[in-house]
4 protein chains.
Amino acid sequence: MAIDFAANENEDRDPGPRARGRKRDESRDAAILDATIDILVEVGFEKMTVDMVAARAKAGKGAVYRRWPSKTQMVLDAVAQMKRDVAHLGHLPDTGTLRGDMLALFEASSAGQGERFMQAIAALAALLAQQPQTADAGHEAMIEPWAEANRVLIARAIARGEATTAVDLEIVAQVIPSMGGYRSLIQRRPFDRPFLVGLLDNVLLPALGIGPDRPST
Amino acid sequence: MAIDFAANENEDRDPGPRARGRKRDESRDAAILDATIDILVEVGFEKMTVDMVAARAKAGKGAVYRRWPSKTQMVLDAVAQMKRDVAHLGHLPDTGTLRGDMLALFEASSAGQGERFMQAIAALAALLAQQPQTADAGHEAMIEPWAEANRVLIARAIARGEATTAVDLEIVAQVIPSMGGYRSLIQRRPFDRPFLVGLLDNVLLPALGIGPDRPST
Amino acid sequence: MAIDFAANENEDRDPGPRARGRKRDESRDAAILDATIDILVEVGFEKMTVDMVAARAKAGKGAVYRRWPSKTQMVLDAVAQMKRDVAHLGHLPDTGTLRGDMLALFEASSAGQGERFMQAIAALAALLAQQPQTADAGHEAMIEPWAEANRVLIARAIARGEATTAVDLEIVAQVIPSMGGYRSLIQRRPFDRPFLVGLLDNVLLPALGIGPDRPST
Amino acid sequence: MAIDFAANENEDRDPGPRARGRKRDESRDAAILDATIDILVEVGFEKMTVDMVAARAKAGKGAVYRRWPSKTQMVLDAVAQMKRDVAHLGHLPDTGTLRGDMLALFEASSAGQGERFMQAIAALAALLAQQPQTADAGHEAMIEPWAEANRVLIARAIARGEATTAVDLEIVAQVIPSMGGYRSLIQRRPFDRPFLVGLLDNVLLPALGIGPDRPST
DNA sequence: GCCTAACCGAGACGGTACGTCCGGTCTTTTT
DNA sequence: AAAAAGACCGGACGTACCGTCTCGGTTAGGC
């Protein structure tokens, strides 16, 4: 967890003997990234221009390119920033059943910026495959935190005897994030509650040996 | 099945009053599509330019745009052409067990141009998400035939009593294609035999109620 | 004479084995150069942008930079083109006296594009001194043809015994063009008839030993 | 004479109620102006950047813009500063002949920083024509003092009966400065002794009715 | 055996975004 | 309060690429 795309910006800097001159205005970072997400959601990655972003953020192009070497890196960082805002593991739901936990996790992330995040992710797909490293970065920012949450919830279910120990946790925890990612990014169909329920009841829970003693739905 | 992206080109043509003038040189189609795949694999969709493709095919840009209305459509058609070469459903394997069938299907499609095809698909991801319609088209060309094959094999397993009837065939048949697509397109990691075996033994077969009475592997 | 700034474009090209591909649209050259002069006169060299010129000429920036390597070269060529249009040596006036010839030459060049040409030259001064070679080029285009005309007229006056042979024709022929150039470019005051008459009667004619048996003025 | 571009900076300052805080470091003025001339001569006005000048002077841009409102004004001031060092009218030469006086004036101004000054002036031409007012200012600083010296020397020659009274002193006194300015600024060729001698013997002296009873040269 | 339309490779065309650079302003820390 | 350092906005430059159009030349029918 704790993905930090901006690490190169925030942490890798060698302050040198001393930090002289005017400080980077950190508020510009946020303003630019916010504008990036806005435009990304509105027009998509291809039709977004750096000038649009700079104008929306009331910034100059210089301020943009001082921070990121290219439009692509800027967008990746914008999405990573969003993810940092969105993913607050730790206060994971605990309803007593795996099925309940998974549904509660979905509800929780649908609230907040969840929707907007998914829109941004979808707009972003175009650039993920441009180069392997950006694809990795995007995956780390998007799917890994989600898989981590799944891993924790399933581990809990195993611990309380609800789920079988016969399967590889690592693989099973990837099922919902991967299929959700594919659905959002490639199929561009919504990752909604019915889709999640279908996956739970027909794939995940059966694979874990959890029978259909389901409540309402 | 039998996806044909080029249908519009090859079949929709209205011959008009009569076909006059020089005939279109059909060998140029193949040369251009081959060059497209070459470049796509080498540099990716974004860095590929139409001029590059034309030069590689020793063709002019006019010949390209006479055949396809845009770079995107040309690339989609190139990949569809590949798919046509690769996917020969109908003679699906029949080994007696679902596990054996799935592995045999994998081996079959790994032969031929399978590797190259996957590289092309991966390079292609960039454009899939650009517009919903191209995403749909790409999905239809890539994943649906694969899911269809899964559907047939699983239906056979249910018919012979190997697999449970308790789950939704439609959803279960999507698991391997979706996760494979996500792995190839977004993670850009190989969809190889170990990954397939992991999915089969930890997700698909348990979900279908098929126990681990596996042979060697 | 016969200054040709565009020589590099029009004559230096090695056609290679054959001239292939679409031909340069020569009308675009003229359209761009005309637009260049328009904008140059309207806003001056510094405030003129290449995009302005391209838009005015209904051209793309590509067409501009295919012809000239920089804004500076484009402007120099535009002025040279103008000069080519303006300077039609050969049909020099012949009034019987040097004074009459010089005044007639002035009247002739004041007609036509003369005025516009001088405006362009004035706007252009900014760039002449940027680099030695552009300064040379500008000088060749602007002043040399003028000096050549002076040389011819003065030589005629010497031939018919009107002017002394005691002075260096080369130097004397430079007086009016140089002082006119300085006045236009640096002082930015008009090179008008009173100024010319002052030079003739107080400098050029006395230096050539021609007395003040002047007509009206 | 006594042009002082820097007047606004050095004399117009209102000391206010009291001069508080750190005193302005007057040595920075000179350092910046020196650096300005250096860079101006090295790369010309257009390619010179304010950052270059500040770096060379080991100053910040703030120190520059606290003193001059723009790059243009700074450069004009730098050249005016030079001029102040160079032009010391009053002790004009007096050799008994106009020809001797003019040559002696040339020798005097060639000494000192004359050469460097001319280089700077040449580099400066670019900005002179940008706006009329800077052109005027430059002309006043450069050419007018020179013309004034010519005027005095020629008036003396007329007074002692060496030169004719038949011509307009004002116009004749402009000949050498104007042609010298044109040669330096536009042609970028040296205003050297042979050039001066050519002008004197073929234009100025004949125009003033002074015959070729020249000494050695 | 011509005529003519449609093809071919090559490459110029208009338009538009990218990433760089610089002028003039503002901010931070040090003197 | 002035100094050096350097980030800030705005906007022009020159490059690259998409999809269209034009050039000279070639390849078929149809006459």
Side-chain angles (χ1 to χ4, degrees), chain A residues 18-28 46-52 54-55 57-72, chain B residues 18-25 28 46-52 54-55 57-66 68-72 74, chain C residues 18-28 46-52 54-55 57-72, chain D residues 19-25 28 46-52 54-55 57-72 74:
Chain A
R18 233 170 319 175
R20 307 211 298 174
R22 178 173 175 175
K23 295 290 166 58
R24 284 270 177 93
D25 181 349
E26 313 249 349
S27 77
R28 307 319 293 133
E46 295 296 327
K47 291 184 180 171
M48 175 178 81
T49 74
V50 177
D51 283 294
M52 274 186 213
K58 289 192 180 303
K61 286 175 76 171
V64 173
Y65 282 99
R66 203 174 293 118
R67 289 169 166 77
W68 300 278
S70 69
K71 173 184 168 182
T72 296
Chain B
R18 230 168 324 171
R20 305 221 306 157
R22 177 175 172 175
K23 292 289 170 54
R24 201 174 274 186
D25 181 352
R28 310 314 296 131
E46 295 295 328
K47 291 186 178 170
M48 175 177 81
T49 73
V50 177
D51 284 293
M52 273 186 214
K58 289 194 180 303
K61 287 173 74 173
V64 172
Y65 282 98
R66 205 174 293 120
W68 300 276
S70 71
K71 173 184 167 182
T72 296
M74 177 185 71
Chain C
R18 236 172 317 174
R20 306 209 299 172
R22 179 173 174 175
K23 296 292 165 57
R24 286 270 177 92
D25 181 351
E26 312 249 349
S27 78
R28 309 316 297 133
E46 295 297 326
K47 291 185 181 170
M48 176 177 82
T49 75
V50 177
D51 282 296
M52 271 186 215
K58 290 192 178 304
K61 285 174 78 171
V64 173
Y65 282 99
R66 205 173 293 118
R67 289 170 167 76
W68 300 278
S70 70
K71 173 184 168 181
T72 296
Chain D
R20 307 212 307 153
R22 176 174 173 177
K23 293 285 165 51
R24 197 177 276 188
D25 181 351
R28 309 315 295 131
E46 294 297 328
K47 290 186 178 171
M48 175 178 82
T49 74
V50 177
D51 285 292
M52 273 187 214
K58 291 195 179 303
K61 286 172 74 172
V64 172
Y65 281 98
R66 205 172 295 115
R67 289 169 167 77
W68 300 277
S70 71
K71 172 184 169 182
T72 295
M74 177 185 70

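If you're wondering where the values come from, they're calculated on a predicted model, not measured in any experiment. Lettering of chains follows the sequences in order, A, B, ..., and the numbering in each one begins at 1. Basis for what follows: all heavy atoms, side chains included, without hydrogens, waters or symmetry-related copies.
Between Asp51(B) and Lys61(B), the closest heavy-atom pair is OD1-CD, 3.0 Å. Considering every non-hydrogen atom in both Lys47(D) and Met52(D), the closest pair reads O-CE, 3.1 Å. Here the closest heavy-atom approach between residue Lys71(A) and residue Met48(A) is recorded as NZ-O, 2.7 Å. Between Lys58(C) and Arg28(C), the shortest heavy-atom distance links the atoms O-NH2, 3.2 Å.
Taking atom CZ of Arg66(A) as the reference point, atom P of dA5(F) lies 17 Å away to the nearest angstrom. Look at CD on Glu26(C): it is 12 Å from C1' on dA12(E), rounded to the nearest Å. Computed from coordinates, the Asp25(B) CG to dC7(E) P distance equals 11 Å when rounded to whole Å. Distance, Glu46(B) CD to dC18(F) P: 10 Å, rounded to whole Å.
For Lys23(C) and Tyr65(B), each mapped to the nucleotide of DNA chain F holding its nearest heavy atom, the one lying further toward the 5' end belongs to Tyr65(B). Projected onto DNA chain F by closest heavy-atom contact, Asp51(C) and Gly21(C) fall at different nucleotides, the more 5' of which corresponds to Asp51(C). When the nearest nucleotides of DNA chain E are assigned to Lys58(B) and Gly62(C) by heavy-atom distance, the more 5′-ward of the two goes with Lys58(B). The residue among Ala54(B) and Val50(A) whose nearest nucleotide of DNA chain E is located toward the 5' end is Ala54(B).
Nucleic acid contact class of Met48(A) (heavy atoms, under 4.0 Å, all strands): sugar-phosphate only. Among the protein residues, Met74(B) comes within range of no part of the nucleic acid, since none of its heavy atoms lies under 4.0 Å from any strand.
For dG6(F), neither phosphate oxygen OP1 nor OP2 lies less than 4.0 angstrom from any side-chain nitrogen or oxygen of Arg24(A). Contact between the side-chain N/O atoms of Arg20(A) and the OP1/OP2 oxygens of dT28(E) is not found at any separation under 4.0 Å. For dA4(F), the OP1/OP2 oxygens have a side-chain nitrogen or oxygen of Arg28(D) closer than 4.0 Å. Using a 4.0 Å cut-off, some side-chain N or O of Arg67(D) falls inside it from OP1 or OP2 of dA3(F).
Looking at the side chain of Lys71(D), the nearest of the listed nucleotides dC18(E), dC13(F), dG24(E) is dG24(E). Each of dG19(E), dG9(E), dC13(E) was ranked by its minimum atom distance to the side chain of Ala63(B); first place goes to dG9(E).
For Arg22(A) and dA7(F), a side-chain-to-base donor-acceptor distance below 3.5 Å is present, hydrogens and geometry of angles not being considered. Between the side chain of Lys61(B) and the base of dG19(F), at least one donor-acceptor pair of N or O atoms lies under 3.5 Å.
Remark: the backbone N or O of Arg66(C) is paired with a side-chain donor or acceptor of Arg24(C) at under 3.5 angstrom.
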